[in-house]
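The structure appears right after this line, and notes come after that.
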Amino acid sequence: MNAFIRAINQANTIAVTGHVRPDGDCVGSCLGIYNYINDNFPNKSVDVYLEPSNSVFSFLKGFDQVKHEVDENEAYDLLIVLDCSDESRIEPFIALHNNASATFCIDHHINEHEFCDDSIVDSGASATCELLYLLMDDEKISLACAECLYTGIVHDTGVFKHSNTTKETMHIAGNLLDKGVNTSHIIDDTFYKKTYLQNIIMGYALLESSLVMNGKVVYSIITKKWLDLYGVTGQDLDGIIDQLRVTDGVEVAILAYECNNLEFKVSMRSNDYVDVQKVASYFGGGGHIKAAGCTMKGNSLDVINNLLLHIEKQLEAQTD
């Protein structure tokens with residue numbers, strides 16, 4: 001029995017949470033462990049706390065049971081934190097962390113400091129869902145749990161395209177398919193399918209993008225004025241950064257959108273050698289070597305120029 005399952009065994013009440021603005025791996029991992037506990041530990045009480053997430057994940061069992069607010073006095077025997085490397089990223093539910101008798105973190109992001117009592121972190125894993133699978137007993141994984149884990153892996157590997165996809169990733173995905181997972185439904189409906197508005201937003205972002213540094217960097221900026229005009233949220237921007245990344249000749253793609261006045265959420269992707277996690281961490285963000293993000297304040301020109309300054313250093317080092 002591994003330490004994580006032992007922690008579950010020792011708790012009667014369990015809370016599960018993940019990072020703000022939950023993506024596919026965050027939602028998948030949280031609901032994956034939620035279903036695993038309900039299936040195999042029926043005498044235990046488990047609740048999931050997340051910010052509202054994209055409705056494309058609503059087919060996952062337990063999605064409609066996710067709580068979006070927490071009682072400041074709520075205390076659980078165990079808090080499980082998933083897909084999150086910093087306590088500031090669970091800020092809406094920090095009371096769960098402060099009040100829990102024990103805390104356990106499972107993540108695949110580079111961890112600057114541990115904030116839970118116990119943790120299992122592997123930056124070489126493709127997704128937190130991949131790590132969770134390895135901690136579970138395959139024979140005890142139900143179809144509902146498998147769908148959650150497969151969804152998370154699909155989203156954090158870009159449908160098995162990103163360099164974080166390994167032989168073990170594919171082996172795990174294959175085992176989950178054996179549970180009866182409908183792979184075409186999950187991939188098409190949660191990763192590729194876009195609303196008409198999302199298509200318009202992507203078209204705008206691509207049309208307004210700029211190519212700099214001898215075609216090695218492409219960036220696009222979406223201002224709050226434009227977002228408000230069309231009633232767009234950050235969730236509607238899914239897929240834009242990945243489309244920018246595959247621009248011919250590009251090494252780094254940047255998407256910045258204004259979430260508040262003079263405050264931008266930044267996503268970065270690289271193809272071969274630039275470490276965008278290093279760039280993001282300089283500005284208080286994080287992620288992976290080839291996929292990272294941060295929040296920056298200032299006007300759009302300042303934000304882009306500051307990012308380009310750090311990216312340029314890595315590009316120059318590569319040519320030396």
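Side chains included, hydrogens not; waters and symmetry mates left out as well; all remaining heavy atoms used.
- Between Leu78 and Ala11, the shortest heavy-atom distance links the atoms CB-CB, 3.7 Å.
- For residues 232-255, no pair satisfies ring-ring contact (aromatic ring centres under 6.0 Å, His included), with sequence neighbours left out.
- With sequence neighbours excluded, no residue satisfies salt bridge (charged side-chain N to carboxylate O under 4.0 Å, His left out) with Arg245.
- Annotation: side-chain hydrogen bond (donor to acceptor under 3.5 Å, both in side chains) contacts involving residues 295-310, sequence neighbours excluded, comprise Lys265-Thr295, Asn299-Asp302.
- Heavy atoms only, all atoms of each residue included: Glu251 and Tyr273 are closest at OE2-N, 2.8 Å.
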**Request:** Run the numbers on Lys290 and Ser163 for side-chain contact (heavy atoms from CB on, under 4.5 Å), then give the verdict.
**Result:** CA-CA 8 Å; Lys290 295 187 177 181; Ser163 61; 3.3 Å; yes

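- Here the closest heavy-atom approach between residue Cys26 and residue Leu50 is recorded as SG-CD2, 3.8 Å.
- Partners of Phe59 according to the ring pair (Phe, Tyr, Trp, His ring centres under 6.0 Å) rule, which considers only residues two or more places apart in sequence or in another chain, are His185.
- Ring pair Phe191/His155 is perpendicular by interplanar angle, where above 60° counts as perpendicular and below 30° as parallel.
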**Item:** Test side-chain contact (heavy atoms from CB on, under 4.5 Å) applied to Ile90 and Val81, step by step
**Value:** CA-CA 8 Å; Ile90 61 166; Val81 180; 4.0 Å; yes

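- For the pair Asp188 and Lys193, the minimum side-chain heavy-atom distance is 4.5 Å or more.
- When all heavy atoms of Ser126 and Asn164 are compared, the pair lying nearest together is O-ND2, 3.1 Å.
- Here the closest heavy-atom approach between residue Asp83 and residue Ser29 is recorded as CB-OG, 4.3 Å.
- Looking only at side-chain heavy atoms (C-beta outward), Lys61 and Glu147 stay at 4.5 Å or farther from each other.
- Side chain to side chain, Asp156 and His108 meet the donor-acceptor criterion of an N or O pair below 3.5 Å.
- Minimum heavy-atom separation, Cys129 to Gly152: SG-CA, 3.7 Å.
- The side-chain hydrogen bond (donor to acceptor under 3.5 Å, both in side chains) pairs that include a residue from residues 88-98 are Asp86-Ser88, where partners are two or more places apart or lie in different chains.
- Side chains of Asn2 and Arg6 form no contact here, defined as non-hydrogen atoms less than 4.5 Å apart.
- For the residue pair Thr166 / Thr169, a side-chain donor-acceptor distance below 3.5 Å is found, with atom types taken as modelled.
- Environment of NE2 in His171: sparse, with no more than 12 heavy atoms of neighbouring residues, nucleotides or ligands closer than 6.0 Å.
- Legend: residues meeting salt bridge (charged side-chain N to carboxylate O under 4.0 Å, His left out) with Lys194, ordered by chain and number and at least two apart, are absent.
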**Request:** List the steps and the verdict of side-chain contact (heavy atoms from CB on, under 4.5 Å) for Thr13 and Lys44.
**Result:** CA-CA 6 Å; Thr13 59; Lys44 300 186 185 297; over 6 Å; no

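- Rounded to the nearest 0.5 angstrom, Ser58 OG and Asp189 CG are separated by 9.5 Å.
- In the hydrophobic clustering of ILVMFWY residues, with side-chain heavy atoms under 4.5 Å counting as a link, Val66 and Val20 come out apart.
- The hydrophobic cluster containing Leu177 also contains Met170, counting ILVMFWY residues as joined when their side-chain heavy atoms lie under 4.5 angstrom apart, directly or transitively.
- Note that the CG atom of Asp137 and the CD atom of Glu139 stand 5.5 Å from one another [nearest 0.5 Å].
- Listed for the Asp236 side chain is a donor-acceptor partner under 3.5 Å among the backbone atoms of Thr233.
- Under the salt bridge (charged side-chain N to carboxylate O under 4.0 Å, His left out) criterion, Asp47 pairs with Lys67, not counting sequence neighbours.
- Under a 3.5 Å cut-off, the side chain of Gln65 and the backbone N or O of Gly62 do not form any donor-acceptor pair.
- Between His109 and His19, the ring planes lie perpendicular to each other; the angle is over 60°, past the 30° to 60° tilted range.
- For the atom pair Glu69 CD and Glu51 CD, the distance stands at 11.0 Å (nearest 0.5 Å).
- Between the side chains of Tyr76 and Asn12, no donor-acceptor pair of N or O atoms lies under 3.5 Å.
- Qualifying salt bridge (charged side-chain N to carboxylate O under 4.0 Å, His left out) partners for Lys224, counting only residues two or more places apart in sequence or in other chains: Asp228.
- Both Phe160 and Tyr192 are part of a single hydrophobic cluster, where members link through side-chain heavy atoms under 4.5 Å apart.
- Grouping Ile, Leu, Val, Met, Phe, Trp and Tyr residues whose side-chain heavy atoms lie under 4.5 Å apart, directly or via other members, places Val250 in a hydrophobic cluster with Leu197, Ile201, Met202, Tyr204, Leu206, Leu211, Val218, Ile222, Trp226, Leu227, Leu229, Tyr230, Val232, Leu237, Ile240, Ile241, Leu244, Leu255, Tyr257.
- Note that OG1 of Thr103 and CD of Glu114 are 10.0 Å apart. Values are rounded to the nearest 0.5 Å.
- Residues Ile33 and Phe4 are in side-chain contact: their nearest non-hydrogen atoms beyond the backbone lie under 4.5 Å apart.
- Note on Leu134 and Ile37: same hydrophobic cluster, where clusters join Ile, Leu, Val, Met, Phe, Trp and Tyr whose side-chain heavy atoms are under 4.5 Å apart, directly or indirectly.
- Sorted by first then second residue, the side-chain hydrogen bond (donor to acceptor under 3.5 Å, both in side chains) pairs that include residues 31-40, not counting sequence neighbours, are Asp39-Ser142.
- Of the possible polar contacts, none joining the Ser209 side chain to the Ser220 backbone as a donor-acceptor pair under 3.5 Å is found.
- The side-chain hydrogen bond (donor to acceptor under 3.5 Å, both in side chains) test applied to Thr165 returns no partner, not counting sequence neighbours.
- Atoms OG and CD1, on Ser210 and Ile221 in that order, are 7.5 Å from each other to the nearest 0.5 Å.
- Using a 4.5 Å heavy-atom threshold, the side chains of Leu31 and Phe57 count as separate.
- Contact annotation: the side chain of Gln235 never approaches that of Arg21 to less than 4.5 Å [non-hydrogen atoms, C-beta and beyond].
- Linking ILVMFWY side-chain heavy atoms closer than 4.5 Å, directly or via other members, places Val279 and Ile289 in two distinct hydrophobic clusters.
- Using a 4.0 Å cut-off between charged side-chain N and carboxylate O, Asp138 and Lys179 make a salt bridge.
- Contacts of Thr223 classified as side-chain hydrogen bond (donor to acceptor under 3.5 Å, both in side chains), with partners at least two apart in sequence or in another chain: none.
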**Request:** Step by step, work out the side-chain contact (heavy atoms from CB on, under 4.5 Å) result for Phe104 and Leu79.
**Result:** CA-CA 6 Å; Phe104 208 116; Leu79 170 67; over 6 Å; no

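- Between Ile311 and the choices Val276, Val212, Asp275, Val217, the side-chain contact (heavy atoms from CB on, under 4.5 Å) rule is met once, by Val217.
- The side-chain heavy atoms of Asp77 and Ile14, taken from C-beta on, include no pair separated by under 4.5 Å.
- Taking CG from Asn99 and CG from Leu96, the interatomic distance works out to 7.5 Å, rounded to the nearest 0.5 Å.
- A heavy-atom distance below 4.5 Å is not found between the side chains of Val46 and Phe41.
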